[in-house]
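Presented below is the structure to which this report refers.
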Amino acid sequence: MSEYLIAAMPGEEAPAARLAALIGASTAAIEVRAFPDGESLVTVPAPGARAAIYCSLDRPNGKVLPLLLAASALRDGGAREVTLVAPYLAYMRQDKAFHPGEAVSQRVVSRILSRAFDTTLTLEPHLHRTASLDMVFGAGKAVSVSAAPLLAKMIERHANDAERVIVAGPDEESAPWTEAVAKDVGAPWLVMKKRREGGRKVDMSLDSASDVSGMQVCLVDDIASSGATLATAAQILKRRGAASVSAFIVHALMRKDDLEKVRAAGAGGVYSTDSIQHQTNAIEIAPLMADALKRTRKA
Ligand code: R5P
């Protein structure tokens, strides 16, 4: 696989190198320089016939256009196959117009990426009402890796009394996923109820039949954005007598002050995968992504 290049967008050099090392690929940085008028000059390393770009799409607005320029430059340089490795894939949540006039960003962004890349590889995309990424990107144009085994591994590493662990999902939609994590851990599980009341406000509850008293509750979620879900859940669980509440998340987007609020609400530990570089990173996604990338590459 040595002719395979994993080119790193700015800031992604370290995770790209970890991934490249695991699949025997080479890695090099993509340079993005800003002109005085704000336009970007993108320069890519020389690719072989096949290449990937590593670019997690948190805070995506400033990243997408340089990413498209980079993909085009790799093809100009001779790459016949260009894959996007985007451990976090932005804009997947807006899968319909909830109010008149709203753009369906999931559709728009997936179309742009599927035209620019042969394949998009991502980890646990947030697909609310859509059954699979194929339906969003087109058949065979995207690969989604489940993060459930990674979360289970994090829980096993950080929860210190296996007998008292219970895995909790923040809402009913998260039930299949929460169950998958709990099964890997060998622990019981529950889901809470959640109604979003605004970008940074949620109303949550826990069924009166769910007994968490004295338990080590391991909250699992795919995304922590404002942190409101984790903070509200932690508060309720502590009030209901949980011995401890820890949060295990795939994609940590929270600002520092929001993370402090989650901790102040009672979450003793907050752990995330390194799909996005964040102070809560506790587990590497590289091995999982490497296996998926090997399977993804066209023969
Ligand atoms: C929602 O369905 C997701 O699973 C997360 O719970 C949500 O995106 C978290 O957002 P926030 O941190 O803003 O509450």
Side-chain angles (χ1 to χ4, degrees), residues 56-61 86-96 98 102 104-106 109 122-133 136 144-148 150-152 154-155 167-182 189-207 217-238 245-273 275-282:
S56 210
L57 286 171
D58 52 303
R59 288 157 187 89
N61 293 1
Y88 177 67
L89 193 54
Y91 282 119
M92 292 297 110
R93 285 178 278 186
Q94 180 83 9
D95 56 5
K96 66 174 192 175
F98 295 90
E102 282 179 356
V104 183
S105 21
Q106 184 194 75
V109 172
T122 190
L123 179 71
E124 204 71 58
H126 189 99
L127 303 176
H128 254 312
R129 287 155 285 265
T130 322
S132 87
L133 212 53
V136 182
S144 139
V145 179
S146 167
L150 291 183
L151 262 60
M154 277 199 274
I155 290 174
V167 180
D171 50 33
E172 285 156 328
E173 275 174 354
S174 70
W177 194 65
T178 306
E179 184 179 13
V181 175
W189 62 281
L190 60 85
V191 288
M192 302 178 77
K193 284 199 176 109
K194 177 168 97 174
R195 201 180 59 239
R196 187 161 285 280
E197 296 191 326
R200 308 181 70 79
K201 193 166 177 351
V202 290
D203 183 29
M204 296 181 72
S205 61
L206 176 64
D207 200 298
V217 184
C218 297
L219 261 173
V220 293
D221 207 350
D222 56 349
I223 300 175
S225 178
S226 69
T229 301
L230 295 182
T232 311
Q235 221 166 28
I236 293 171
L237 291 161
K238 289 293 278 190
V245 178
S246 304
F248 299 85
I249 49 192
V250 185
H251 307 296
L253 292 155
M254 276 175 296
R255 296 185 321 217
K256 206 167 169 225
D257 54 331
D258 289 325
L259 174 61
E260 292 315 317
K261 284 183 201 151
V262 172
R263 293 203 163 116
V270 182
Y271 309 102
S272 65
T273 76
S275 69
I276 296 168
Q277 293 171 44
H278 194 266
Q279 67 187 107
T280 56
N281 287 171

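In each ligand, atom 1 is the first atom listed, and ligand 1 is the first ligand listed.
Looking at Asp222 and Tyr88, their side chains never bring a donor and an acceptor atom within 3.5 Å of each other.
Remark: the backbone N or O of Leu253 is not paired with any side-chain donor or acceptor of Ser225 at under 3.5 angstrom. Looking only at distances, a side-chain donor or acceptor of Thr273 sits under 3.5 Å from a matching main-chain atom of Val250.
When all heavy atoms of Arg129 and Arg93 are compared, the pair lying nearest together is NH2-O, 4.2 Å.
A heavy-atom distance below 4.5 Å is not found between the side chains of Leu230 and Lys261.
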Write 'none' if nothing qualifies; otherwise put on separate lines each N/O atom of ligand 1 with a protein N/O atom under 3.5 Å away and their distance to 0.1 Å.
{"from": "ligand 1", "atom 1": "4 (O)", "to": "Asp221", "atom 2": "OD1", "distance (Å)": "2.8"}
{"from": "ligand 1", "atom 1": "4 (O)", "to": "Asp222", "atom 2": "OD1", "distance (Å)": "2.7"}
{"from": "ligand 1", "atom 1": "6 (O)", "to": "Lys194", "atom 2": "NZ", "distance (Å)": "2.8"}
{"from": "ligand 1", "atom 1": "6 (O)", "to": "Asp221", "atom 2": "OD1", "distance (Å)": "3.4"}
{"from": "ligand 1", "atom 1": "6 (O)", "to": "Asp221", "atom 2": "OD2", "distance (Å)": "2.5"}
{"from": "ligand 1", "atom 1": "8 (O)", "to": "Arg93", "atom 2": "NH1", "distance (Å)": "3.1"}
{"from": "ligand 1", "atom 1": "10 (O)", "to": "Arg196", "atom 2": "NH2", "distance (Å)": "3.1"}
{"from": "ligand 1", "atom 1": "12 (O)", "to": "Ser225", "atom 2": "N", "distance (Å)": "2.7"}
{"from": "ligand 1", "atom 1": "12 (O)", "to": "Ser226", "atom 2": "N", "distance (Å)": "3.1"}
{"from": "ligand 1", "atom 1": "12 (O)", "to": "Gly227", "atom 2": "N", "distance (Å)": "2.8"}
{"from": "ligand 1", "atom 1": "13 (O)", "to": "Ser226", "atom 2": "N", "distance (Å)": "2.8"}
{"from": "ligand 1", "atom 1": "13 (O)", "to": "Ser226", "atom 2": "OG", "distance (Å)": "2.6"}
{"from": "ligand 1", "atom 1": "14 (O)", "to": "Arg196", "atom 2": "NH2", "distance (Å)": "2.9"}
{"from": "ligand 1", "atom 1": "14 (O)", "to": "Thr229", "atom 2": "N", "distance (Å)": "3.0"}
{"from": "ligand 1", "atom 1": "14 (O)", "to": "Thr229", "atom 2": "OG1", "distance (Å)": "2.5"}

- Message: Using the rule given for side-chain contact (heavy atoms from CB on, under 4.5 Å), can you reason through Ser146 versus Glu124, listing the C-alpha separation, both sets of side-chain angles and the distance that settles it, and then say yes or no?
- Response: CA-CA 5 Å; Ser146 167; Glu124 204 71 58; 3.7 Å; yes

